[in-house]
Amino acid sequence: DGLCSGAIIFRTLQSLGHSDIVVRPVGKGEHVHQDSFRQIMRDLSPASLIVTDLGSREGAILPDLPTLIVDHHKPVNGFPDGATVLSAFGHTPIAPASLLAYVLCSPLIPPSSSSSSS
């Protein structure tokens, strides 16, 4: 679900002309709230951060960095400080992060020039 939601957002940003996107999937045993992973993110010097399907907890991932969280898990003690959050938790049915990403991005994707109407 996280890879799919990340791919949807990545392809949407590409279609909007953004070419300076770095995708860093989280590896087994890693989490965005670990100091070691935060350092990896800092070393990339991002202008902003988009995190999909990794669960939410209080505390900024990278303080003072614009952050978008797309998730469906129950937050642990709240959401990251200062983040913009799109969450399906608490709604029935709970939509997976990939559906949330699709709903978020679909209005932004320009119509394909190869599509035709009958």
Side-chain angles (χ1 to χ4, degrees):
D1 189 37
L3 289 175
C4 292
S5 54
I8 290 167
I9 294 170
F10 174 74
R11 294 296 303 260
T12 300
L13 292 172
Q14 280 186 320
S15 75
L16 294 172
H18 296 278
S19 59
D20 57 346
I21 305 164
V22 176
V23 176
R24 175 48 167 87
V26 175
K28 187 172 184 159
E30 290 182 317
H31 196 278
V32 295
H33 288 278
Q34 292 174 324
D35 289 338
S36 58
F37 197 83
R38 287 179 178 156
Q39 188 59 51
I40 291 169
M41 294 288 91
R42 270 190 218 94
D43 292 346
L44 293 171
S45 301
S48 59
L49 187 63
I50 300 173
V51 179
T52 62
D53 194 38
L54 288 177
S56 297
R57 60 184 69 175
E58 67 180 347
I61 297 169
L62 290 179
D64 301 320
L65 188 68
T67 301
L68 171 64
I69 307 288
V70 179
D71 196 27
H72 61 104
H73 298 102
K74 180 180 180 177
V76 178
N77 299 323
F79 293 104
D81 302 332
T84 299
V85 178
L86 175 58
S87 175
F89 179 76
H91 300 276
T92 303
I94 297 175
S98 53
L99 179 58
L100 295 174
Y102 175 79
V103 169
L104 176 69
C105 293
S106 60
L108 304 174
I109 300 171
S112 173
S113 58
S114 64
S115 64
S116 60
S117 57
S118 304

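- A side-chain donor-acceptor contact under 3.5 Å links D1 to the backbone of A97.
- A donor-acceptor distance shorter than 3.5 angstrom exists from the side chain of T67 to the backbone of L65, with no hydrogens or angles considered.
- Heavy-atom neighbours of D64 CG from other residues, nucleotides or ligands within 6.0 Å: at or below the threshold of 12.
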Do M41 and I61 pass the side chain to side chain contact (heavy atoms under 4.5 Å, CB included) test, and can you show the C-alpha distance, the side-chain angles, and the key distance before you say yes or no? CA-CA 9 Å; M41 294 288 91; I61 297 169; 5.6 Å; no
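- Counting only distance, with no hydrogens or angles, the side chain of H91 and the backbone of H72 share no donor-acceptor pair below 3.5 Å.
- Remark: L13 engages I9, H18, I21, I50 in a side chain to side chain contact (heavy atoms under 4.5 Å, CB included) (not counting sequence neighbours).
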Would you sort out whether S87 and D71 count as a side chain to side chain donor-acceptor pair (under 3.5 Å), showing the intermediate values? CA-CA 5 Å; S87 175; D71 196 27; 5.9 Å; no
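- In this structure, Y102 places its OH atom where only 12 or fewer heavy-atom neighbours from other residues, nucleotides or ligands lie under 6.0 Å away.
- The structure places OG1 of T52 at 7.5 Å from CG of L3, a figure rounded to the nearest 0.5 Å.
- Contact record, L100 with A88: CD1-N, 3.8 Å, taken as the closest heavy-atom pair.
- No path of Ile, Leu, Val, Met, Phe, Trp and Tyr side chains, each step under 4.5 Å between heavy atoms, connects L49 with V23, placing them in separate hydrophobic clusters.
- In terms of heavy-atom proximity, F37 sits nearest to R24 at CE1-NH1, 3.2 Å.
- The heavy-atom pair separating P66 from A47 by the smallest distance is CD-O, 3.5 Å.
- The salt bridge (charged side-chain N to carboxylate O under 4.0 Å, His left out) search around R42 returns none, not counting sequence neighbours.
- Every residue two or more places apart in sequence or in another chain that forms a salt bridge (charged side-chain N to carboxylate O under 4.0 Å, His left out) with D35 is listed here: R38.
- One hydrophobic cluster holds both V26 and V51 under the rule that ILVMFWY side chains link at heavy-atom gaps under 4.5 Å.
- V85 and L54 fall within a single hydrophobic cluster, where Ile, Leu, Val, Met, Phe, Trp and Tyr are joined by side-chain heavy atoms under 4.5 Å apart, directly or via other members.
- The shortest heavy-atom contact between E30 and I40 is OE2-CD1, 4.2 Å.
- F79 CZ to T84 OG1: the interatomic distance, rounded to the nearest 0.5 Å, is 11.5 Å.
- A continuous path of Ile, Leu, Val, Met, Phe, Trp and Tyr side chains, each step under 4.5 Å between heavy atoms, connects L62 with L44, placing both in one hydrophobic cluster.
- Side-chain contact check for E58 versus V76: every heavy-atom pair is 4.5 Å or farther apart.
- For the atom pair I69 CD1 and R57 CZ, the distance stands at 11.0 Å (nearest 0.5 Å).
- Among all heavy-atom pairs drawn from D53 and G2, the shortest one is OD2-N, 3.1 Å.
- The side-chain heavy atoms of L104 and T12, taken from C-beta on, include no pair separated by under 4.5 Å.
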